Structure formats: C-alpha cells, structure tokens
Amino acid sequence: MEEPAIKRIGLLTSGGDAPGMNAAIRAVVRTALSKNIKVFGIKHGYNGMLSDDIEEMHIRSVSEIIHRGGTILYTARSPEFMTLQGQQTAAANCRKHGIQAVVVIGGDGSYRGALDLSAQEVPCICIPGTIDNDIACTDYTIGYDTAMNTAIQMIDKLRDTTQSHERCSVVEVMGRNAGYIAANTGLAVGALVTLIPERETDVDKEIIAKMKFTRKIGKKHFIIIVAEGAAHAEDLAKEIEDKTGIESRATILGHVQRGGAPTLRDRVAASRLGYRAVELLARGITNRVIAFHDEDLVDFDIADALAMKKSLDLSLLQISDTLSV
Ligand code: ADP
Ligand code: F6P
C-alpha cells in the first residue's frame, strides 16, 4: 500500500448538528484506517481543541452510528476559538497529538474557523454539514434531505387538525438566512404561500387576497410556510386572523428538524464526502472544501468557497403558487 502523505488527522463536528454527520464520521474514520492514517476525534467542535478533549478513534469507535442522528463527537459553537489566542492554543493541542490536518464537518462558520486554524499551520479539509443547505460552493449539504422529510411529516400531521377545524396553519421552518428548506417543503406539502428571505412577500396581495379568493372557490383550510429568516409565524398568524377572520395558529417546528435517522440521501452523501476527504488528505491535499456539483464531488480552496454566492431557484415558489388554489 502507498504511504499516505499525512499520517495523523483530527476530526470534529462544529456548528448546528445535522443528521448524517455520524455517517460522515464513520466514513472518515474507516477510510483513514484503511490507508494507515490514525484518526483523533475532537469533541465539542473547536472547544475540544481548546480543552484538549481529543481521543484516538478505532474501527469500532464508529460501529452502529451510520443510522443515527446527532453527532457522537458532539458539537458546539465556540466563541473562544474566534480569538487569536484561542486559535494558537487549539493549534498547539493539535501538534501535541501529532495531528497534521483536521477534517471539519460543519457549515461556513466552521470553515472560517478552519481557515484561521490553517493560518496556525494546522491545515484542514471541510465537509458540508448543515440542514440549511446554505453553503454557497455546494449544491447539497449533509442533513438537508432528512430535515425536509421531517418537516413534511410534521406538517402532514398538522394538516389533519388544520383541516378538521377549517383553520389556517402558519408553519415556521428552519434555514437561518436561507429559504431552501421552506421553498421545497412548501411545494411538497401544498402550502398556499411560502415566505422566504430571498424574496419579499406582499402579505395583503399574496396571502390575504389569495386566502379570500380561494375560500370563495371552496378552499376550507390553509397552510402557509414561513422560513425563519423571512418572518415570525406568530406575528403572521395574528395578522392573517385579523385581516381574514379565519382562525389561525402558528407552529414553530424548531429543533425536531435537526434530529432523527438520516435518509438514504444523507447517508450516501455523508459517506462519499468522508471518503473523498481522506482520499485528498492521503495525497497531501489540504485547505479544501468538498462540494457536490449536481451528483459529482468537486473541491475548492476554503477562502474561494467562502467568497462564493448561490441563489435559490425561485421557480419552486411559482410552481407552488400555481398548484395551491
Ligand atoms: P456553522 O458552521 O453551522 O455555520 P457557526 O457559524 O456557528 O456554525 O460556526 C461554528 C463555529 O465555527 C463557531 O462557534 C466558531 O467556533 C467557529 N467560527 C465561526 N466563525 C469564525 C471566524 N470568523 N473565525 C474563527 N472561527 C469561527
Ligand atoms: O444552522 C442550523 C440551524 O438549525 C439553523 O437552521 C437555525 O437557525 C440554527 O441552527 C439554530 O441554532 P441553535 O441550535 O443554536 O438554536
């Protein structure tokens, strides 16, 4: 077997967890061990680098996790790591364990951390893990599919009670400043209107008038989806009830969207990403973000990846608007 260019790597999950992170951890550990690379699990994101919560991982460290949500390495948001002193301490702890490079599974905040760490001469490879799908360089992020499937299961349940009471349900979904979860979920549940941060919604024209019109032509209940970055469900439900007289309820789906067994798509994506991360490291390639371009894997320099922009396909809302009457 060819000698790997890098022989000891660290592995962490950072930022909000996402279903499929465990499958990615498993892929990194098992691929690395197959190439004679030692893996050190760093607990609680960058916090574990600061507190030296670092342990070697083995083949059986990642048994029975491919189907589990969450992350066995735990995750955190670490303000201390954002200071230069924090980054120096983190890098010193990596060196103490002989860690030559770190695999960071997380969102673009975590990639900024990875850039800072590489400035302290601990290079990184980043894997996109977030339910929000808001990482510009990639078409897909680990956890996105599971989160949307969880959301539609919850909203299908809500529909039953919304329909029985002939009410309006305003459902707030996650996504931070992006509307990917909302736009797709809205189409999938037949929402009357979907509000996303990428597009201004005229409440009177697009929601109130449409509700009044569709009620006249026989519509009995209404589902409105709101991305958390676009509006607050409670405020919108109140405005709708005040302006239409139709009883309205707000439901914030919240963190249930981040849990549960990853879907097939997330397990496959996570396994491919983790495998590719180690392939690059074994060849001595670092400071890259691995990304999906359609179904293919590509990789970008971390700084270039952070400077990219991506835009949501607004035609999803157009289709939804036509179909939901
Ligand atoms: P995500 O990775 O999901 O986007 P965050 O934005 O919360 O999540 O970032 C996760 C962690 O990455 C932060 O808590 C911090 O430790 C680190 N981080 C984020 N931004 C920076 C930065 N500009 N410099 C250094 N570290 C950062
Ligand atoms: O980035 C994932 C995410 O779940 C976002 O959708 C949401 O805005 C945020 O994290 C919530 O963060 P916290 O877990 O800190 O409440």
Side-chain angles (χ1 to χ4, degrees), residues 10 12-21 24 42-51 53 69-71 73-91 93-94 102-120 122 124-138 141-148 150-151 154 171-185 196-197 225-233 252-260 266 287 289-290 302-303 305-308 310 312:
L12 61 83
T13 48
S14 167
D17 64 347
M21 280 185 166
I42 301 162
K43 306 268 178 72
H44 307 103
Y46 292 112
N47 277 339
M49 267 186 197
L50 293 163
S51 60
D53 196 353
T71 156
L73 289 176
Y74 304 91
T75 186
R77 298 201 166 94
S78 170
E80 197 189 335
F81 181 77
M82 292 169 82
T83 64
L84 181 61
Q85 204 194 345
Q87 291 150 19
Q88 287 167 343
T89 306
N93 280 331
C94 287
V102 177
V103 178
V104 173
I105 307 172
D108 50 11
S110 303
Y111 304 169
R112 286 192 191 92
L115 257 190
D116 289 342
L117 193 62
S118 65
Q120 298 303 319
V122 179
C124 298
I125 289 269
C126 302
I127 294 180
T130 164
I131 63 165
D132 303 332
N133 199 33
D134 61 349
I135 299 176
C137 69
T138 185
T141 61
I142 298 170
Y144 177 45
D145 187 57
T146 306
M148 290 191 295
T150 300
M154 297 297 141
V171 187
E172 188 173 312
V173 298
M174 280 187 166
R176 206 178 284 211
N177 300 316
Y180 292 94
I181 295 177
N184 286 278
T185 302
I196 58 170
I225 302 291
V226 187
E228 64 176 341
H232 295 296
I252 299 170
L253 291 188
H255 291 82
V256 290
Q257 293 161 99
R258 288 229 302 253
D266 279 322
N287 293 334
V289 179
I290 308 174
I302 300 176
L306 284 169
M308 290 179 186
K310 81 171 173 184
L312 192 152

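Remember, it's a predicted structure, so these values are computed and weren't measured experimentally. Order of listing sets the numbers, starting from 1, for every ligand and every atom in it.
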Note to self: Tell me if the CD atom of Glu80 is crowded by more than 12 foreign heavy atoms within 6.0 Å.
What the structure shows: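 Count not over threshold, so no.
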Next item on the list: Could you list the atoms of ligand 1 found under 4.0 angstrom from a heavy atom of Gly16?
Entry: 3 (O)
Checklist line | Ligand-side contact atoms (ligand 1) for residue partner Gly107, heavy atom cut-off under 4.0 Å | finding: 1 (P), 2 (O), 3 (O), 4 (O)
Any side-chain heavy atom of [X] sitting closer than 4.5 Å to one from [Y]?
X: Arg258; Y: Thr150; answer: no
X: His255; Y: Met174; answer: yes
X: Ile290; Y: Ile125; answer: yes
X: Ile127; Y: Ile142; answer: yes
X: Leu12; Y: Val102; answer: yes
X: Thr130; Y: Ile135; answer: yes

Notebook entry, point to check: Passes side-chain contact (heavy atoms from CB on, under 4.5 Å), Thr146 versus Ile131? Steps please.
Noted result: CA-CA 8 Å; Thr146 306; Ile131 63 165; over 6 Å; no
What residue and atom, counting heavy atoms only, is the protein's closest point to [atom], and at what distance?
atom: atom 8 (O) of ligand 1; answer: Gly15 CA, 3.5 Å
atom: atom 11 (C) of ligand 1; answer: Ser14 OG, 3.6 Å
atom: atom 23 (N) of ligand 1; answer: Arg112 CB, 3.6 Å
atom: atom 2 (O) of ligand 1; answer: Ser110 OG, 2.5 Å
atom: atom 13 (C) of ligand 1; answer: Ser78 N, 3.8 Å
atom: atom 25 (C) of ligand 1; answer: Asp116 OD2, 2.9 Å
atom: atom 18 (N) of ligand 1; answer: Gly109 O, 3.2 Å
atom: atom 26 (N) of ligand 1; answer: Gly113 CA, 3.3 Å

Notebook entry, point to check: Hey, is Thr130 one of the residues with a heavy atom under 4.0 angstrom from ligand 1?
Noted result: no
Note to self: Quick one: does any side-chain atom of Glu228 pair with a main-chain N or O of Arg176 as donor and acceptor, under 3.5 Å?
What the structure shows: yes
Checklist line | Val289 and Thr138: CA distance, side-chain angles, deciding distance, side-chain contact (heavy atoms from CB on, under 4.5 Å) verdict | finding: CA-CA 9 Å; Val289 179; Thr138 185; over 6 Å; no
Checklist line | Nitrogen or oxygen atoms of Gln87 and ligand 1 under 3.5 Å apart | finding: no
Next item on the list: Would you check the N or O atoms of Gly106, main chain and side chain alike, for any that come under 3.5 Å of an N or O of ligand 1?
Entry: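 Not met; the criterion fails.
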Check: If you measure only the distance, is there a donor-acceptor pair under 3.5 Å linking the side chains of Asn184 and Tyr144?
Finding: yes
Check: If hydrogens are left out, which of Met82, Arg176, Arg77 has an atom nearest to atom 7 (O) of ligand 1, that is, the closest non-hydrogen atom?
Finding: Arg77
Margin query: How long is the straight-line distance from OG1 of Thr13 back to CG of Leu73, given to the nearest 0.5 Å?
Written below: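 Here the interatomic distance stands at 5.0 Å.
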Next item on the list: Evaluate the criterion side-chain contact (heavy atoms from CB on, under 4.5 Å) for residue pair Val122 and Met49; output intermediate values, then yes/no.
Entry: CA-CA 12 Å; Val122 179; Met49 267 186 197; 5.6 Å; no
Margin query: Once you restrict to heavy atoms under 4.0 Å, what part of Asp108 touches ligand 1? Side chain, backbone, both or neither.
Written below: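 Answer for Asp108: both.
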Item checked: Those protein residues which place at least one heavy atom below 4.0 Å from ligand 2 -> Arg77, Thr130, Ile131, Asp132, Met174, Gly175, Arg176, Glu228, His255, Arg258
